[in-house]
Amino acid sequence: MEKRNVQRCSGTTRRRRWWGLRRRWRMLGLFEINQEHEFYSFTCLMKEGLHAALQTSIDTPGPDELSAEHYKSEQTQVHKDYEMQTFAGLVFSSLRYSLDINEEEYKRSLSSDSCYLQFMSNSKSKADFFLTNDKRFFLKTQNKQEVKFLLSNLMAYMDHLEKYPHSLLVRFLGLHSIQVPNETKKYFIVMQSVFYPDERIDTRYDIKGCEVGRWTDPESTGSPVKILKDNNFEGKHIILDQKSSWLVDQVEIDTAFLRSLNVLDYSILLAHQPLHKDELDGKHSFSNLIVRTEKSMAQDSPTEEDHPTISLLGGDSFRLASDTIDSGPDHVQDIGEHSGHSIHCQEINLPSGNSTDAELHEFHAHHRRLLPNFKNSVHVIDGPELRYFVGIVDIFTVYGLKKRLENLWKSVRFPGRAFSTVSPATYSQRFCRWVKDHTK
């Protein structure tokens, strides 16, 4: 009897936690796509198709180098009631590998028995947004024109990320379509969620660097998630101290790339959460610095003879001697005690003993920073007191005839005011200026 009561209490506790979680999701604009949801059938097809496509990727080792043919590849898998197409599968697989995303883990997240979550916000986009149940990956429906644009520029996108591995551009992890007989083909893309993990995030912004239509009433009713905008951010700043110049420079690099693609209307997603004391203490520890250094490098680890060097912002450097690294946890000290400086590191520098100036120049040309020890590290930047989540998204709007006409109409409608539909050159300059003016 007592055992049954304990089991009953345990079951009740689990149900309460589950309902509490579902209530919190609803407050965040996340709705579980269960059997009663309009997208339940579609997301079931997505999960089944992704499971099969990713299993094929796991079973088929990728090439050492990508060729032009890999960017053009289309793989079709026929299922009972539909067909799933995967575009440039090996290209996206290589990108996931570079981000240290395990394929089995990726497959489990996307094809989990747990329901996807529908994300609803005050965005004007006509696309449908879904999150995996663990909220690590974002899925978004795309139109055919956007898909063609991405595939035609995929090589340039990959080249940019290879040159700047710590770029703030959103990471596209897969591109697929589902064709059900007698229905319109649906395309969707898988992305790394910028806001992951989001348990402690309470405010999110979508920034375009302009003013017209860039205000959201935080008290308005309607969508549970309020994505605040540029005018809501006035009077606030992104406080990064020594890391601020890295952010400003990287935004300039990324927007120059987007300008070369003739696109506009992209946004910088921004959120923040307070750093707990243990997080502040942990990121200053010597052991954590070594983990972060390894995470930030895309090259072989140094040998025992080649001691890595960490460049500090004051221009001084701290040498990671092997006898210190091997001394064990009892001898690990805060790096500030070794160097006499605080460790707000903007860039790191691991030359071997015989590195040439050219190699060192190439390293700095990649514009790296010391990444946090975090799964979503490319989109996370720690300031003195806040952890920021930052990513550039919505990069598919081309400045074609339609947008040029819209620019003319808005010039008449909003004379002298800053609106979003401007030339890519003007858009990127204004975007960078906003980031520079609001970063300290």
Side-chain angles (χ1 to χ4, degrees), residues 21-33 96 99-101 105-106 109-110 112 114-125 127-141 166-174 188-208 216 218 223-230 232-233 236 238-240 243 247 250-251 254 266-276 279 369 371-383 385-395 435 438-439:
L21 181 61
R22 293 180 69 178
R23 182 175 180 272
R24 184 173 181 274
W25 282 346
R26 287 194 293 272
M27 291 175 66
L28 291 172
L30 298 175
F31 296 89
E32 185 186 41
I33 303 176
R96 295 193 296 269
L99 295 168
D100 200 26
I101 297 176
E105 211 174 288
Y106 181 66
S109 181
L110 288 171
S112 164
S114 301
C115 296
Y116 280 175
L117 307 173
Q118 183 185 17
F119 177 75
M120 299 184 70
S121 74
N122 52 330
S123 168
K124 294 180 181 178
S125 172
D128 297 312
F129 299 88
F130 310 109
L131 274 168
T132 53
N133 199 267
D134 59 9
K135 295 191 281 186
R136 188 176 176 187
F137 302 110
F138 218 96
L139 300 94
K140 179 184 177 184
T141 58
H166 298 170
S167 164
L168 295 170
L169 294 182
V170 65
R171 298 311 195 265
F172 300 119
L173 305 177
F188 66 95
I189 196 161
V190 184
M191 299 173 280
Q192 193 170 25
S193 175
V194 173
F195 299 146
Y196 175 81
D198 70 343
E199 282 77 11
R200 286 155 47 200
I201 295 174
D202 55 10
T203 307
R204 297 165 171 81
Y205 293 90
D206 178 304
I207 302 295
K208 291 183 182 291
T216 296
S223 170
V225 167
K226 294 295 181 293
I227 306 294
L228 303 180
K229 299 181 181 179
D230 304 55
N232 299 95
F233 200 81
K236 302 178 178 65
I238 305 167
I239 309 295
L240 295 177
K243 299 177 189 175
L247 176 65
Q250 189 58 54
V251 168
D254 288 334
Y266 42 86
S267 302
I268 191 163
L269 291 183
L270 175 66
H272 59 71
Q273 65 187 36
L275 284 168
H276 288 168
E279 292 170 327
R369 64 185 172 95
L371 295 175
N373 184 20
F374 222 66
K375 280 189 174 181
N376 191 29
S377 57
V378 293
H379 291 304
V380 176
I381 309 176
D382 285 351
E385 298 180 357
L386 296 176
R387 169 165 289 159
Y388 292 91
F389 296 79
V390 186
I392 297 175
V393 300
D394 298 334
I395 64 172
V435 172
H438 291 82
T439 304

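One-based numbering along the sequence shown.
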S.K.: Between CG of Asp128 and CZ of Phe130, what distance do you get to the nearest 0.5 Å?
M.R.: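 Interatomic distance, Asp128 CG to Phe130 CZ, rounded to 0.5 Å: 5.0 Å.
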
S.K.: Heavy atoms, side chains only, cut-off 4.5 Å: are Ile201 and Phe389 in contact?
M.R.: yes

S.K.: Do the side chains of Arg204 and Asp198 get close enough for a salt bridge, i.e. N-O under 4.0 angstrom?
M.R.: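 Between Asp198 and Arg204 there is a salt bridge, with a charged N closer than 4.0 Å to a carboxylate O.
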
S.K.: Rounded to the nearest 0.5 Å, how far does NE2 of His379 lie from CG of Leu270?
M.R.: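 Rounded to the nearest 0.5 Å, the CG-NE2 separation comes to 13.0 Å.
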
S.K.: Is it true that Asp394 and Lys140 make a salt bridge, defined as a side-chain N closer than 4.0 Å to a carboxylate O?
M.R.: yes

S.K.: Under 4.5 Å between any side-chain heavy atoms of His438 and Phe233, yes or no?
M.R.: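 Result yes, sub-4.5 Å side-chain heavy-atom pair found.
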
S.K.: Could you check whether any side-chain heavy atom of Tyr388 comes within less than 4.5 Å of a side-chain heavy atom of Lys243, counting everything from C-beta outward?
M.R.: no

S.K.: Among Val378, Leu247, Val194, exactly one meets side-chain contact (heavy atoms from CB on, under 4.5 Å) together with Leu168. Which residue is that?
M.R.: Leu247

S.K.: Does the distance from a Lys or Arg side-chain N to an Asp or Glu carboxylate O, for Glu105 and Arg96, drop under 4.0 Å?
M.R.: no

S.K.: How close do Pro274 and Leu386 get, counting heavy atoms only, and between which atoms?
M.R.: CA-CD2, 3.7 Å

S.K.: Looking at every non-hydrogen atom in both residues, tell me the closest pair between Gly174 and Tyr106 and how far apart they are.
M.R.: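 Looks like N-OH, 4.2 Å.
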
S.K.: Under 6.0 Å between ring centres, would you say that holds for Phe138 and Tyr196?
M.R.: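 When the ring centroids of Phe138 and Tyr196 are compared, they turn out to be at least 6.0 Å apart.
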
S.K.: Looking only at side-chain N and O atoms, does Asp206 offer a donor or acceptor that is under 3.5 Å from a partner on Ser267?
M.R.: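 Present: a donor and an acceptor within the cut-off.
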
